[in-house]
Amino acid sequence: MERLEHKIHNLTLRKKRVRSKIVGSTTRPRLTVYISNQHVTAQIVDDSKGKTLAYVTTAGSKAKGTMTENAAIMGTEIAKKAKAAKINQVVFDRNGRLYHGRIKALADAARAGGLKF
């Protein structure tokens, strides 16, 4: 197995392991975070209905700065959209990634914006 295939395989295993334990409900939807090499995406999903309640991304915007700064900006934006949708508690889904760096910056900014998880 090549190095890149091995990394993707391990990420997929971690993602499945995390998602087997984390489920968003109507009272506590799931805040899922995806970070690619260029963009940060966060969405709040109600798994019982299968609907996305709030969504933010840096794709298509002229976000400047480092990826960590962009992640923090997306954290505050998703908190604002959650407040508008009357959501104050969520379950955090880090999507198989380690909780540090960009993921931590987004989570801290979302907490500072008023989300509880």
To the nearest 0.5 Å, what is the distance between CG on L31 and CG on L53?
11.0 Å
Quick one: pull up CE in M67 and OG in S36 and give me the separation to the nearest 0.5 Å.
5.5 Å
Transitively linked via ILVMFWY side-chain contacts under 4.5 Å: V45 with V90?
no
With sequence neighbours excluded, tell me which residues meet side-chain hydrogen bond (donor to acceptor under 3.5 Å, both in side chains) with S61.
none
Heavy-atom pair with the smallest gap, counting every atom of I87 and P29:
CG2-CG, 3.8 Å
Hey, could you give me each pair passing ring pair (Phe, Tyr, Trp, His ring centres under 6.0 Å) that has a residue in residues 71-117? Not counting sequence neighbours.
F92-F117
Remaining members of hydrophobic cluster (4.5 Å side-chain criterion), Y34:
none
According to side-chain contact (heavy atoms from CB on, under 4.5 Å), who are the partners of K49, at least two apart in sequence or on a separate chain?
T26, D46, K51
Mind checking side-chain hydrogen bond (donor to acceptor under 3.5 Å, both in side chains) for H39 and listing every partner two or more places apart, or none if nothing turns up?
T58
So if you build clusters from Ile, Leu, Val, Met, Phe, Trp, Tyr with side-chain heavy-atom gaps below 4.5 Å, do I73 and V40 land together?
yes
Would you find a donor on one side and an acceptor on the other, under 3.5 Å apart, between the side chain of T52 and the backbone of A54?
no
Gap separating the CD1 atom of I44 from the CZ atom of R28, nearest 0.5 angstrom
12.0 Å
Using side chain to side chain contact (heavy atoms under 4.5 Å, CB included), reason through T41 and V56 one step at a time and then give a plain yes or no.
CA-CA 6 Å; T41 303; V56 293; over 6 Å; no
Given a cutoff of under 4.5 Å between side-chain heavy atoms of I, L, V, M, F, W and Y, with clusters grown through shared members, what are the other residues clustered with V18?
I22, V91
Once side-chain contact (heavy atoms from CB on, under 4.5 Å) is applied, do any residues pair with E2, and if so which ones, sequence neighbours excluded?
E5
Got a sec, which residues hit side-chain contact (heavy atoms from CB on, under 4.5 Å) with E69, two or more places apart in sequence or on another chain?
T66
Residue set satisfying salt bridge (Lys or Arg N to Asp or Glu O under 4.0 Å) with R19, at least two apart, ordered chain then number -> D47
Salt bridge (charged side-chain N to carboxylate O under 4.0 Å, His left out) contacts in which one or both residues fall within residues 100-110, not counting sequence neighbours
K104-D108, D108-R111
Nearest non-hydrogen partners of A42 and I78, listed with the distance
O-CD1, 3.8 Å
Taking C-beta and beyond as the side chain, do I103 and I35 meet within less than 4.5 Å on heavy atoms?
yes
Partner set under salt bridge (Lys or Arg N to Asp or Glu O under 4.0 Å) for K7, not counting sequence neighbours
none
Side-chain heavy atoms of K80 within contact of E77, under 4.5 Å:
yes
Test item: R30 side-chain N/O and G24 main-chain N/O as donor-acceptor pair under 3.5 Å:
no
Measuring from M74:CE to L106:CG, what's the distance to the nearest 0.5 Å?
8.5 Å
Measuring from atom NZ of K15 to atom OG1 of T32, what distance do you get when rounded to the nearest 0.5 angstrom?
7.0 Å
Give the minimum heavy-atom separation between G65 and N70, together with the two atoms involved.
O-ND2, 4.0 Å
Using the side-chain contact (heavy atoms from CB on, under 4.5 Å) criterion, which residues pair with A79? Sequence neighbours excluded.
L115
Determine the minimum heavy-atom distance between A109 and A72, stating which atoms define it.
CB-O, 3.2 Å
